[in-house]
2 protein chains.
Amino acid sequence: MNSFTEENYLKAIYKFSLTTKKGVSTNTIAKKLNTKASSVTDMLKKLATKNLINYKKYYGVTLTSKGEQIALSVIRNHRLWEVFLVEKLNFKWDEVHDLAEELEHIKSEKLINNLDAFLNFPTNDPHGDPIPNKNGKIKNLKMINMSELKANEEGIFVYVKDSSDKFLKYLSKNKLEIGERIKILEIEPFDNSFKIAYNNQQLILSESIAKNIYIQS
Amino acid sequence: MNSFTEENYLKAIYKFSLTTKKGVSTNTIAKKLNTKASSVTDMLKKLATKNLINYKKYYGVTLTSKGEQIALSVIRNHRLWEVFLVEKLNFKWDEVHDLAEELEHIKSEKLINNLDAFLNFPTNDPHGDPIPNKNGKIKNLKMINMSELKANEEGIFVYVKDSSDKFLKYLSKNKLEIGERIKILEIEPFDNSFKIAYNNQQLILSESIAKNIYIQS
DNA sequence: TAAAATATTTAGACTAATCTAAAAATTACA
DNA sequence: TGTAATTTTTAGATTAGTCTAAATATTTTA
């Protein structure tokens with residue numbers, strides 16, 4: 001049996017793994033979990049001895065398939081509880097995250113599968129994120145070019161076509177990072193520029209920049 | 001904020017307080033929570049410094065009103081989750097206790113009040129126990145004589161009229177204790193004797209014994 | 001009512017998860 | 001490419017909740 005804390009580490013590692021081919025770094029995890037790098041190192045050792053992650057000192061971590069399975073199950077729980085809170089208990093979609101962070105750790109297959117059925121097997125949570133099924137399978141996620149999106153659509157920034165230094169500098173200057181959730185506010189018909197919102201800020205992207213950005217929804 | 005563990009102690013103390021006028025003893029709590037008396041002593045000191053219990057060394061504890069309020073809120077959570085599991089997620093009434101033990105510790109007034117409304121403000125959980133309202137008020141519990149019960153009714157053994165040594169010895173010989181949940185299996189019309197079930201055993205009580213036993217339902 | 005039995009508390013230790021500070025390894029860049 | 005900056009790890013400490021064993025208090029009973 002894994003503790004709440006262990007599950008939170010696995011979940012964090014899983015999420016960062018989606019947007020990088022390399023191992024996830026100690027500092028990245030520490031920032032996400034509001035803890036210190038030294039605490040992360042301790043936990044990584046522990047997770048490695050449990051065969052939940054592949055850990056090589058100084059080179060970050062990846063999940064083993066056992067670790068990934070646990071992460072996916074926690075994510076499934078989280079997203080199903082969010083659906084429940086919004087659809088049945090009248091919560092707003094932006095009020096449910098913290099509660100779902102607690103509920104997700106209640107470990108009962110029967111509970112979560114019955115909840116899934118009660119909610120009529122939803123495929124996405126209230127934020128639009130896909131819900132893994134009971135075998136941990138996530139509905140085919142397809143990546144599309146930002147320029148194909150319409151106003152009010154949104155998704156996660158997952159990939160850049162042009163990864164030149166210049167372009168990456170541009171992104172970094174605007175604190176627009178892989179993994180960020182982006183919403184299209186409007187598209188200016190005159191020049192096809194995109195006004196977007198992400199992480200509490202707004203930005204206008206030219207058409208050529210939009211064409212460099214891929215979104216997963 | 002109180003930990004899960006602290007809440008479990010308060011809940012245990014609350015339940016034992018219902019059936020005794022004196023303070024609840026260290027050993028009683030230890031047995032209930034599957035822990036050691038020394039661990040209980042440590043926790044009692046901690047709860048006392050938080051003003052949740054009245055603790056006098058060697059003389060057991062009672063809850064302060066602040067402690068009672070917390071215990072009642074945890075019990076409310078527990079019982080509402082049990083209703084949810086049985087009525088909405090198709091659990092059997094005897095499968096829900098352990099899950100409710102986990103769910104009860106999720107602290108969100110909004111969550112529990114919305115759940116209450118979603119379930120249509122139930123007054124009793126699937127085991128028949130009353131659900132405290134949001135102010136911690138429990139619907140008038142009335143104690144009735146066992147002889148007034150009919151077959152298939154049940155409740156908690158809370159009081160004895162004749163507390164003579166003889167009678168108490170009889171109860172103790174049959175491991176029939178205050179606090180036990182008792183179900184009437186059948187009543188023999190010939191002599192008004194009661195066949196009851198409790199704690200995985202059955203027993204036949206004469207009419208005069210039944211008249212000494214009070215039940216809360 | 002005093003010795004025996006029982007209950008409770010204290011003392012000291014352990015584990016999980018965390019921290020700070022220092023040491024060591026890796027990466028960046030002049 | 002070697003020094004500086006950054007990242008990661010190690011060492012040692014802390015906290016909550018628990019434990020065992022020993023000490024102490026209360027209760028039972030002869």
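Below, read A as the first sequence line, B as the second, and so on, with proteins coming before strands; counting in each chain starts at 1. Keep in mind it's a predicted model, so treat the numbers as computed, not measured.
Here C/dT9 presents its P atom at 8 Å from NZ of B/Lys45, a figure rounded to the nearest Å. Atom pair A/Ile29:CD1 and D/dT8:C1' shows a separation of 12 Å (rounding to whole Å applied). Following rounding to the nearest Å, A/Tyr55 (OH) and D/dT8 (C1') show an atom-to-atom distance of 7 Å. Distance CG (A/Asp42) to P (C/dT20): 13 Å, rounded to an integer number of Å. Residue A/Leu47 contributes atom CG, which lies 15 Å from atom C1' of C/dT18 at whole-angstrom precision. The separation between B/Asn8 atom CG and D/dT18 atom P is 9 Å, rounded to whole Å. Between the CG atom of B/Leu44 and the C1' atom of C/dA7 there is a distance of 13 Å, given to the nearest Å. Rounded to an integer number of Å, the gap from A/Lys31 NZ to D/dT6 C1' is 11 Å.
Within the nucleic acid shown, A/Thr5 comes within 4.0 Å of sugar-phosphate atoms alone, with no base atom in reach, counting heavy atoms only. As judged by a 4.0 angstrom heavy-atom cut-off over every strand, A/Thr26 is placed among residues touching the sugar-phosphate backbone only. Looking at heavy-atom distances under 4.0 Å, B/Tyr9 makes contact with sugar-phosphate atoms alone, never a base.
Considering only side-chain atoms of A/Lys36, the nucleotide from C/dC19, D/dT8, D/dT20 that sits closest is C/dC19. Which of C/dT18, C/dT10, D/dT24 sits closest to the side chain of B/Ser38 comes down to C/dT10. For B/Ala37, taking side-chain heavy atoms from C-beta onward, the closest of the listed nucleotides D/dT26, C/dT18, C/dT9 is C/dT9. Taking every side-chain heavy atom of A/Tyr58 into account, D/dT8 is the closest of D/dT8, C/dT10, C/dT18.
For the pair A/Lys57 and C/dT26, the criterion of a side-chain N or O lying under 4.0 Å from OP1 or OP2 is not met. The side chain of B/Asn27 contributes an N or O atom lying less than 4.0 Å from OP1 or OP2 of C/dT8. Between A/Thr41 and the phosphate of D/dT10, there is no side-chain N or O to OP1/OP2 separation shorter than 4.0 Å. Residue A/Ser39 places at least one side-chain N or O closer than 4.0 Å to OP1 or OP2 of C/dC19.
Remark: side-chain polar atoms of B/Lys56 are not paired, donor with acceptor, to backbone N or O of B/Asn54 under 3.5 angstrom.
In summary, of the residues considered (B/Leu149, B/Ile204, B/Leu176), a side-chain contact (heavy atoms from CB on, under 4.5 Å) with B/Ile196 occurs for B/Leu176 alone.
At a threshold of 4.0 Å, the pair B/Lys11-B/Glu101 counts as salt-bridged, since one of the basic side-chain nitrogens sits closer than that to a carboxylate oxygen.
Between B/Phe118 and A/Phe84, the angle of the ring planes goes over 60°, which puts this pair in the perpendicular group of the 30/60° scheme.
Counting heavy-atom neighbours within 6.0 Å of B/Lys88 NZ, excluding the residue itself, gives a total above 12.
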